[in-house]
Amino acid sequence: MEHLFLAFLGFMVGTAVGLTGVGGGAVMTPLLIIFTDLKLASVIAVDLLFASITKASAAVNHAKHHNIDWQVLKQLWLGSIPAVVVVLALVMAFNLFALDFLLPFIGVVLIISGALMGVSHESQSYARNLEQRFPNQFHKIQNPLTTFGGALIGTLVALTSIGAGAIGAIMLRALHPLTMRPKILVGTDTTHAIPIALLAGLGYLSFGYVDWQVLLSLLVGSIPGSLLGSYLTERLKPHWVKVMLGLAIMISGIKLTFF
């Protein structure tokens, strides 16, 4: 029964990932903390590999429909991939999972992620006005800020498994407001997470933190769910799904931080 429940969770989160680009970490991490007895390091390890495989299956469909901005991805990866390597080295050197601050920190990241998802539409409108009024100044800082944002996301993902979808989406909307149409946003955000989640997940795998039974049960549901979600992206507007996910993520963050 436990494996069926995990497969169901995987399907629901995988569908959200394929449809919105959000859910690999921001939704699955609190679910694993709440519904399993895994240690925090194992939760993050499982979630990283889960997210990389689930998002890879969704990204194939997004690539087929030309929903990925590869130039933006290169700028993100310039910051995010080195950041993951640095964080993994720090985790290994200082045993960060033994520190008491990490669980409340994950809760705070969830609260911020959920709140940002609720205002992502407005942030894109504001940034679009700025880019149209001051194009030269905006374009001058666009790529450096994208790389810096990638480094921030890589740091959060490697330390908490959260950030690539929820925080990445609002950052892309704010820094590339004219090009990030909904389908391009989801495809680009989803694809960005794949190498950084995989790299971090392999790092945790080498530390011995991965629970293979839990991971495989989640993937049984998440892979078909992600394919369904990416298919629905072509037919549905994911904005209201993101708003509801944002609310659920905030509630999960409050629970982890204060209760």
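- Side-chain contact check for Gln213 and His3: no donor-acceptor pair (N or O, by modelled atom type) lies under 3.5 Å.
- We find the CZ-CZ distance between Arg173 and Arg181 to be 12.5 Å, quoted to the nearest 0.5 Å.
- Grouping the Ile, Leu, Val, Met, Phe, Trp and Tyr side chains by contacts below 4.5 angstrom, directly or via other members, places Leu78 apart from Val84.
- Within the 4.5 Å cutoff, no side-chain heavy atoms of Arg128 are placed close to those of Glu131.
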Output side-chain donor-acceptor pairs under 3.5 Å for residues 31-45, partner residues at least two apart or in another chain, one line each.
unit_1	atom_1	unit_2	atom_2	d
Thr36	OG1	Leu32	O	2.5
Thr36	OG1	Leu38	N	3.4
Ser42	OG	Tyr209	O	2.9

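- Here the CG atom belonging to Leu49 is positioned 8.5 Å from the CG atom belonging to Leu219, to the nearest 0.5 angstrom.
- A side-chain donor from one of Ser161 and Thr29 sits under 3.5 Å from a side-chain acceptor of the other.
- In this structure, a donor-acceptor pair under 3.5 Å is present between the side chains of His192 and Ser80.
- Here the options are Ile184, Val186, Val72, the test is side chain to side chain contact (heavy atoms under 4.5 Å, CB included), and the partner is Leu172; only Val72 passes.
- No side-chain heavy atom of Met171 sits less than 4.5 Å from a side-chain heavy atom of Leu152.
- With a 4.5 Å cut-off between side-chain heavy atoms of Ile, Leu, Val, Met, Phe, Trp and Tyr, the cluster of Phe134 takes in Tyr126, Leu130, Phe138.
- Around the NE2 atom of His66, the shell of radius 6.0 Å holds no more than 12 heavy atoms that belong to other residues, nucleotides or ligands.
- Of the inter-residue distances, the one linking Ser57 atom OG with Ile194 atom CD1 reads 8.0 Å to the nearest 0.5 angstrom.
- Atoms CD1 and CG, from Ile170 and Asp189 in turn, are 11.5 Å apart once rounded to the nearest 0.5 Å.
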Chi angles and distances behind the side chain to side chain donor-acceptor pair (under 3.5 Å) call for Thr146, His176: CA-CA 9 Å; Thr146 301; His176 301 272; 2.9 Å; yes
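- Put simply, the side chain of Ser226 never gets that close to the backbone of Gly18: no donor and acceptor are under 3.5 Å apart.
- From Thr190, atom OG1 reaches atom CG of Leu73 across 10.0 Å, with rounding to the nearest 0.5 Å.
- You'll find the side chain of Val157 stays beyond 4.5 Å of the side chain of Ile162, heavy atoms only.
- Pro30 is listed as a side-chain neighbour of Leu110, based on a closest heavy-atom distance under 4.5 Å.
- Under a hydrophobic-cluster definition in which Ile, Leu, Val, Met, Phe, Trp and Tyr are linked whenever side-chain heavy atoms come within less than 4.5 Å, directly or via other members, Phe148 and Ile141 are assigned to different clusters.
- Using a 4.5 Å cut-off between side-chain heavy atoms of Ile, Leu, Val, Met, Phe, Trp and Tyr, with links allowed through other members, Met12 and Leu228 fall into the same hydrophobic cluster.
- The shortest side-chain heavy-atom distance between Tyr204 and Val46 does not fall under the 4.5 Å cut-off.
- Under the 4.5 Å side-chain heavy-atom criterion for grouping Ile, Leu, Val, Met, Phe, Trp and Tyr, Val87 is connected to Trp77 within one hydrophobic cluster.
- Between Phe11 and Ile223, every side-chain heavy-atom pair lies at or beyond the 4.5 Å cut-off.
- Within the 3.5 Å criterion, the main-chain N or O of Asp69 finds a donor-acceptor partner in the side chain of Thr188.
- Contact record, Leu9 with Met28: O-CE, 4.0 Å, taken as the closest heavy-atom pair.
- We find the CG-CD1 distance between Leu185 and Ile68 to be 12.0 Å, quoted to the nearest 0.5 Å.
- Two different hydrophobic clusters hold Val220 and Leu4 under the rule that ILVMFWY side chains link at heavy-atom gaps under 4.5 Å.
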